[in-house]
Amino acid sequence: MAEPASLKRPRKRTKERPPTLMGRFWLRLAAIVFYPATSLLSRVRVHGLANIPATGPAILVLNHISHLDPVYDAVTVHRAARIPRFMAKSTLWNVPVLRNVLIGVEQIPVFRRTADARKSLESAHDALEVGKVVILYPDGTVTKDPEGWPMIPKPGVARLALEHDVPILPAARWGTRDIYDHYAKKFRPFPRKTVHVRIGEPLDLSEFHGKSADAHTLRAISEAAMNRVRELLSEIREQQPPEEFYSPARSQQTRSDDDGA
């Protein structure tokens, strides 16, 4: 497949704007920092950028392999002339300055294992209602699979899909872990790496329309979305993916059984 033309020239300028002057300042500053940073660390190859709608709501579902992923994904969505809204762990709002940036550009805090957990999805619902692009990592965290394949997906994307008739775009990214591997505690900026991003066409989830949000339906939708992400990742890596999603608990149990054998 031919490489796309330079992504430095957006297809159009977004009409989206953060609601406050400070929000617009933080967005501009992030672009000034992130664009050169990603270019310095890597060559970025993006396929399917036009699948991100120019206007209106959308959900972008991605794999998660490095703490650098949000930076690359933010730049990718911004190059599509949209402002990305991430669902990010709430503890980031405790970091001075970063808290101001996150609030200014309307990111969505995820309150894990707390009474406020429902607020995260409510904020995502609100963002979609007013036509924003919401980015989800169904892994929930950087994948613990040693080979970098996706883990069992969380049901957040399914809950949003059942309540909103919006495009749900599967996407995969590969190469960021070569730059920064959190679990191995390795940062390798040189030599310059290549990061591949592949954005698929919207998922067809029509078979689930009108269904209740029971455990079976939530699991089926989440796995349908993540299966497509895994397929796109397989295309990038040119490798056959595993048949099942990685489960840290199952892997730990397997190791325990082996140790006791």
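Heads up: numbering here begins at 1 and tracks the sequence. Model, not experiment: these values are computed from the prediction.
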Can you name the residues that form a salt bridge (Lys or Arg N to Asp or Glu O under 4.0 Å) with [X], not counting sequence neighbours?
{"X": "R159", "value": "none"}
{"X": "E147", "value": "none"}
{"X": "D181", "value": "none"}

(request) Look at the side-chain heavy atoms of Ile, Leu, Val, Met, Phe, Trp and Tyr, link any pair under 4.5 Å apart, and say whether V71 and I83 land in one connected group. (result) yes
Non-hydrogen atoms of [X] and [Y] that approach each other most closely:
{"X": "G104", "Y": "P19", "value": "O-CD, 4.3 Å"}
{"X": "N63", "Y": "D69", "value": "O-OD2, 4.2 Å"}
{"X": "K211", "Y": "E207", "value": "CE-O, 3.4 Å"}

Counting distance only, does the side-chain N/O of [X] pair as donor-acceptor with the main-chain N or O of [Y] below 3.5 Å?
{"X": "K144", "Y": "V142", "result": "no"}
{"X": "S66", "Y": "Y180", "result": "yes"}
{"X": "T76", "Y": "Y72", "result": "yes"}

(message) Could you work out, with side-chain hydrogen bond (donor to acceptor under 3.5 Å, both in side chains) as the rule, every residue matching E201, not counting sequence neighbours?
(response) none
(request) Would you please name every residue forming a side-chain hydrogen bond (donor to acceptor under 3.5 Å, both in side chains) with S234, sequence neighbours left out? (result) none
(message) With heavy-atom distances below 4.5 Å as the criterion, would you say the side chains of P138 and V61 are in contact?
(response) yes
(message) Within the 4.5 Å heavy-atom criterion, are V110 and S90 side-chain neighbours or not?
(response) no
Side-chain atoms of residues 23-30: list all donor-acceptor pairs with protein atoms under 3.5 Å, sequence neighbours left out, distances to 0.1 Å.
| from | atom 1 | to | atom 2 | distance (Å) |
| --- | --- | --- | --- | --- |
| R24 | NH1 | P18 | O | 3.1 |

(message) For the NE2 atom on H216, are there more than 12 heavy atoms of other groups (residues, nucleotides or ligands in this structure) within a distance under 6.0 Å?
(response) no
(request) Might you confirm whether atom CZ of R188 has over 12 heavy atoms from other residues, nucleotides or ligands at distances under 6.0 Å? (result) yes
(message) Can you classify the ring geometry of H78 versus Y35 as parallel (below 30°), tilted (30 to 60°) or perpendicular (above 60°)?
(response) perpendicular
